Protein chains: 2
Amino acid sequence: MELYHLRTFVTVAEEQHLTRASERLFTSQPAISAHIKALEEELGVTLFERTPRGMQLTPAGALLLDRARQALAAAGDFLQHARSIKDELIGTLRIGLNTDACFLRLLELQGGLSERHPRLEIEFHAGSTGANIPALRVGKLDASFVSGECDDPLLESYVLCEEELAVAVPERMRESIGPADIHALARHPWVFTSPDCAYYGVMRALFEAHDCAPVKTVMANQDDALRTMVAGGVGLGILRRVDIEEAAKSAPIYALPLELPTVSLRFAHLRTRANDPVIRAAVAELSRVWSLALPVQEQAV
Amino acid sequence: MELYHLRTFVTVAEEQHLTRASERLFTSQPAISAHIKALEEELGVTLFERTPRGMQLTPAGALLLDRARQALAAAGDFLQHARSIKDELIGTLRIGLNTDACFLRLLELQGGLSERHPRLEIEFHAGSTGANIPALRVGKLDASFVSGECDDPLLESYVLCEEELAVAVPERMRESIGPADIHALARHPWVFTSPDCAYYGVMRALFEAHDCAPVKTVMANQDDALRTMVAGGVGLGILRRVDIEEAAKSAPIYALPLELPTVSLRFAHLRTRANDPVIRAAVAELSRVWSLALPVQEQAV
DNA sequence: ACGACGCCATCACAATTCCTGAACGCTCGA
DNA sequence: TCGAGCGTTCAGGAATTGTGATGGCGTCGT
């Protein structure tokens, strides 16, 4: 039994007429006749009484008509539901984070994505640049914010902004620091990040240029934690200048007037997934939030 | 879209494997592959992710799987329901009555039919032999009790019993009747039936044999009514002897000791419907109730 | 690192099914 | 009595579906 048997059954029951039913079903009358006959033989039930005026449902046929309609309706539901999610993004978008939500404008990103793709579940995974890139490569993340250069050939990335960095100093060390002398700074304790963080590279470059190395004390792989350490007087650290200045209002911390290289905030994903609708949706939303003109991607496939 | 698409979809989703699914569905792996492909193209939705280990549902596919199962279940319900009523008698059996329910053993007939064919609706239509035969011919009745000969070539009939008739006389006329003299009887008023009733034939034959005709007063086409008329003193009438004797216990009526010809009680239906399952069920039940050995009907298709 | 294995997609061809158009039997109404 | 309308049947043709072999791709074990 196939759906066309049921469709024919219901149509003939409604029209009480093979010829009219065949017209409604855009086929020939013998075909309709064969459908009914095949269905009756498979069921072992006579569905219609053949009269000179047409086809009239038998009591058994009338009993079965409703069930046939229900089956057709269920199949129709399936189709309709499929059509309704045809152009919808379904699934989960896992985004890696490398710094605080506010700076990454997560609220706007989430709001835009959820509005445009209500069936797309979004997961933000806290992490760091160094942890997120391998996670991208093994598929634990779909996309990620990263800082610094992104020369991995497997990854596509978009620059969102340049992060201006500065050396954050605890207030209690203000007098012992004095003017910004690199060699003097190196002798103070530092709160540092893991080597795979872009800030680490900035810090290392700063001292290597002057042939010295900082005294390391504590590692904090999250800039919120790092800032807290600095404010607590544990040592110096590298943070975004705007963050330091913001924190200075309520914490014993200030930014050294030392010029540091900037670092790019990027959004990265696997190149192989560049045409994945979920990735494209994420990039498109990101380009809105960050006012980029980037997503001029070719409409592949 | 046809049911086999859905069946394949669900099976592949369950097996997560085209080859295993094809084995479960007793077909080849390329066929399964084609089903899935066709379904995906019709829906515009990718249902599976092809992995080196097999087929894995996409989120959209998972969303649709339930609906597909529901559609299949609905179709299965249809089939199962059809099978369950396959050998059941469905519909209405309209039986014409020509006399009282007790004499026709209707209660037993109804009980047996309802027990054996719970979905068969039974209608008893009060009438008379004369009215029931045309009703049979035009299809207003499926079967009918009739009295008398049944020489209609369109009708098949079974003799259930012989009705012994007698002349019913009101008590108040007992003295004026005296011995059973036909000529004398003819001069009394008669409650008669319509000419198409078998009793009418008996009455006419009785008088024609003696070259006289009765005085007619009232027609009563139902023997209950006729008996009531006789008991009320309206005139003489022909009834079953057993009925008169039964009525004599509580009504001013008695049976003349005059021998009358018997009349056959029959059960009749259209010959063309001899193999109609409903008719056969009725005849079969009737033969039980009346202990007949009649229904030795050929098991024609 | 390399070969073997398992999976799915594809292809050309065979088998089946499905549909078509015409003819037939039947009933009803004119 | 005849014609119109309806469903059934039939043979032939068209379309769909299924088959077996092949190939690409990835993984796993050695």
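Sequence lines set the chain letters: A, B, ... in the order given, protein chains first and strands last, and positions in each chain run from 1. Quick caveat, the model's predicted, so the values are computed rather than measured.
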Problem set entry | Any A:Ser33 side-chain N or O less than 4.0 Å from OP1/OP2 of D:dT8 |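 For D:dT8, OP1 or OP2 has a side-chain N or O of A:Ser33 closer than 4.0 Å.
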Tell me: [atom1] of [X] to [atom2] of [N], nearest whole Å?
X	N	atom1	atom2	answer
A:Glu49	D:dT8	CD	P	12 Å
A:His17	D:dT8	NE2	C1'	14 Å
A:Leu18	D:dG7	CG	P	4 Å

Charged N to carboxylate O under 4.0 angstrom, [X] versus [Y]?
X	Y	answer
B:Arg94	B:Glu123	no
B:Glu14	B:Arg69	yes
B:Arg266	B:Glu149	yes

Exercise. Which nucleotide span of DNA chain C, 5' end to 3' end, has atoms closer than 4.0 Å to non-hydrogen atoms of chain B?
Worked result: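 Terminal contacting nucleotides, 5' to 3': C:dC7 to C:dT10.
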Problem set entry | Spacing of B:Leu160 atom CG and B:Trp290 atom CH2 [to the nearest 0.5 Å] |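 Interatomic distance, B:Leu160 CG to B:Trp290 CH2, rounded to 0.5 Å: 5.5 Å.
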Exercise. Hey, what do you get for CG (A:Leu47) to OG1 (A:Thr8), rounding to the nearest 0.5 Å?
Worked result: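 Rounded to the nearest 0.5 Å, the CG-OG1 separation comes to 11.5 Å.
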For this session: May I ask you to decide if the ring planes of B:Phe9 and B:Phe48 are parallel, tilted or perpendicular, using 30° and 60° as cut-offs?
Result: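 B:Phe9 and B:Phe48: perpendicular rings.
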Exercise. Base, backbone or nothing for each nucleotide of nucleotides 14-20 of chain D, written B, S, -, heavy atoms under 4.0 angstrom, 5' to 3'?
Worked result: ---SSBB
Problem set entry | Heavy-atom side-chain proximity of A:Glu285 to A:Arg116 below 4.5 angstrom |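 Side-chain contact under 4.5 Å: yes.
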Exercise. Of the nucleotides D:dG7, D:dT27, D:dT9, which has the atom closest to the A:Met55 side chain?
Worked result: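 For A:Met55, the side-chain atoms sit closest to D:dG7.
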For this session: List the steps and the verdict of side chain to side chain donor-acceptor pair (under 3.5 Å) for A:Ser128 and A:Asn98.
Result: CA-CA 4 Å; A:Ser128 62; A:Asn98 68 337; over 6 Å; no
